[in-house]
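Report on one structure; see the data block that follows.
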Amino acid sequence: MTAISKFPHLRQDFAASLVVFLVALPLCVGVAVASGVPAELGMVTGIVGGIVTGLMRGSSLQVSGPAAGLTVLVFEAVQEFGLPALGVIVVVSGALQILMGVLKLGRYFRAISVSVVEGMLAGIGLVLIAGQLYAMAGAKAPASGVAKIVELPGALFESLGTTRALASLGLGAATIAVLVLWKRMPKSVRTVPGPLAAVGLATLVTLVFSLPVATVEVQGLLGSIQPPPLSAFGELAGFGLLGTIVAFTLIASAESLFSAAAVDRLHDGPRTEYDKELIAQGAGNALCGALGALPMTAVIVRSAANVQAGARTKASRVLHGVWLLLFAALLPGVLAYIPIPALAGILVYSGAKLIPVREIVSLWREHRGEALILMVTALSIVAVSMFEGVLIGLALAVVKTAWEASHIKLEVIDKGAGPVQAYLSGNATFLRLPKILDSLEALPQDRPVELDLSGLHHLDHACRTALENWAERHSEAGTEPVRMTAEPARATAA
């Protein structure tokens, strides 16, 4: 049996794997540098994402690796807890992902409000852009997200005063320009992925003109792998580390599964098995953590490139991991020539793509509440932190849903004589208590009232108690006791 008959799509998958490798290479290095860890650790995560996660079941064409969406969180974790603790965080996050997959919780991530997810990505994008603009200018970025944005104009202005900073900023800006204009290039030219072309041109310009800009520091693949010591696991007793683990787990899982849904729309092959994909992501992250590398998620840029390059099976993503491994093992010195401003430019461009400007405009026109959730989530991430920002967004989404679910209508019929008839219909919850009580207290105090609750589908305990108290107060005014019809069997009391 020939290889072609055993693997009928080998030619398409082989070609696609080369394209994905060329897309992934600069992104793996760029995400690692921006995260404050050795560049090789980004390569390790890309290798694990390709070979280990790539071999597992879940989504056949989705490609995993270090993602720009986790850069801010990783950087904060490394700065606060140190590089050994990052391995612990990633190991435990991977274990939690595996557990969620085994418990078949993967499908429930699709129930997370899209506005919260897009707000999360927008917040990450804003912080990522601000932070990497400092790197483009050769300056040190402030710690907080707000400070990064507020102090940015001054930092950019100061960079215009030195040749080194000006060269760095110009090289980064030129990298972004190449990425923006690459889609307009002839199709034959666009066979080279935009990120690789941008980094390649920036590296060439740096070498030819001997530009005084920072380049990637190389330690070697084996030298950069440092498994977390057992003592680092003792930090799990700290609340801060546990909060970071929860944030890693939720964000990495949500991003991977939302990416899977997007990739499924790009091809007509087998659909994603969400729980198995979550297990595959967890296995990859557990191994990355054990190696002291970056966390991984499914990455839509690489996944879309894989599909568009004609990939048919998971062989393409596995092979892309093999090419990353061969490059990191045989040509690690090449990384030392890559200018950091060029990598920063790629991440500024990636960060801008995380901000859903069109979606915000569309939501503001049609679903203003969802647009507000998106913007509040994004701004909370910038102002506070990733974990708290996502929690604020989720809380807002829950409150909005509960508010919209508690539709209540009060219809009053007053014939001028006899009792005033009041009909309540809809869902009576504590969220609408002020409206209900204001309307009932506005009824004439000197007239008997008949309150009909037969139109209610739901009556919670708070509303029931409030209605009974109102009825007692109304009856104390010297009128007949309020006649309140019992709700039908379908109206439930919480």
Side-chain angles (χ1 to χ4, degrees), residues 24-25 27-56 64-67 70-101 216-238 240-249 251-253 256 278-299 318 321-322 324-332 335:
L25 178 60
L27 291 175
C28 286
V29 177
V31 169
V33 172
S35 301
V37 304
E40 290 87 349
L41 292 183
M43 299 287 289
V44 171
T45 300
I47 293 165
V48 173
I51 298 176
V52 178
T53 304
L55 282 170
M56 299 182 72
S64 300
L70 285 176
T71 302
V72 176
L73 195 58
V74 173
F75 182 82
E76 291 176 352
V78 172
Q79 294 300 308
E80 184 174 356
F81 304 111
L83 191 55
L86 177 65
V88 175
I89 292 169
V90 179
V91 166
V92 178
S93 297
L96 288 176
Q97 286 182 304
I98 293 173
L99 178 63
M100 289 190 298
V216 174
E217 295 182 8
V218 176
Q219 298 182 6
L221 188 62
L222 294 179
S224 63
I225 296 176
Q226 297 181 1
L230 292 177
S231 59
F233 285 86
E235 296 189 36
L236 288 173
L241 200 69
L242 292 176
T244 304
I245 289 171
V246 172
F248 266 76
T249 305
I251 293 170
S253 301
S256 294
L278 199 53
I279 293 173
Q281 294 292 327
N285 271 319
L287 180 56
C288 284
L291 296 173
L294 293 172
M296 75 167 61
T297 73
V299 186
V318 175
V322 173
L324 285 174
L325 176 60
L326 291 175
F327 182 91
L330 303 178
L331 300 170
L335 299 178

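No hydrogens, no waters, no symmetry mates; every other heavy atom, side chains included, goes into these values.
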Working to the nearest 0.5 Å, report the span between CG of L41 and CD1 of I225. 7.5 Å
To the nearest 0.5 Å, what is the distance between OG1 (T53) and CE (M296)? 4.0 Å
How far apart are the C-alpha atoms of M43 and L25, what are their side-chain angles, what is the distance that settles it, and do they pass the side chain to side chain contact (heavy atoms under 4.5 Å, CB included) test? CA-CA 7 Å; M43 299 287 289; L25 178 60; 3.6 Å; yes
Minimum heavy-atom separation for G101 and L278, please, with both atom names. N-CD2, 3.8 Å
Within 6.0 angstrom of L330 CG, more than 12 heavy atoms from elsewhere: yes
Would you tell me whether Q219 and S224 have side-chain atoms, one donor and one acceptor, within less than 3.5 Å of each other? no
Enter the distance from L291:CG to I47:CD1 here, rounded to the nearest 0.5 Å. 10.0 Å
Please tell me if the side chains of P295 and V74 come closer than 4.5 Å, counting only heavy atoms from C-beta onward. yes
G284 and V48: which non-hydrogen atoms are nearest, and at how many Å? O-CG1, 3.6 Å
To the nearest 0.5 Å, what is the distance between CG (L73) and OG1 (T244)? 6.5 Å
P84 side chain near P229 side chain, heavy-atom distance below 4.5 Å: yes
Can you tell me how far apart CZ (F75) and CG (L70) are? Round to the nearest 0.5 Å. 15.0 Å
Do you know the tightest heavy-atom contact between A293 and L86? O-CD2, 4.2 Å
Answer whether the closest heavy-atom distance between the side chains of V246 and L96 falls below 4.5 Å. no
Report yes or no: do Q281 and S253 form a side-chain donor-acceptor pair below 3.5 Å? no
Side-chain (T45) to main-chain (G65) donor-acceptor, under 3.5 angstrom: no
Please check if the side chain of N285 supplies one atom and the backbone of V90 the other of a donor-acceptor pair under 3.5 Å. no
To the nearest 0.5 Å, what is the distance between CD (E40) and CG (L221)? 7.0 Å
Restricting to non-hydrogen atoms, name the atom on F248 and the atom on S93 that form the minimum distance, rounded to 0.1 Å. CB-OG, 3.4 Å
Please give me the minimum heavy-atom distance between L294 and G42, naming the atom from each residue. CD1-CA, 3.8 Å
Distance-minimising heavy-atom pair for V216 and L335: CB-O, 3.2 Å
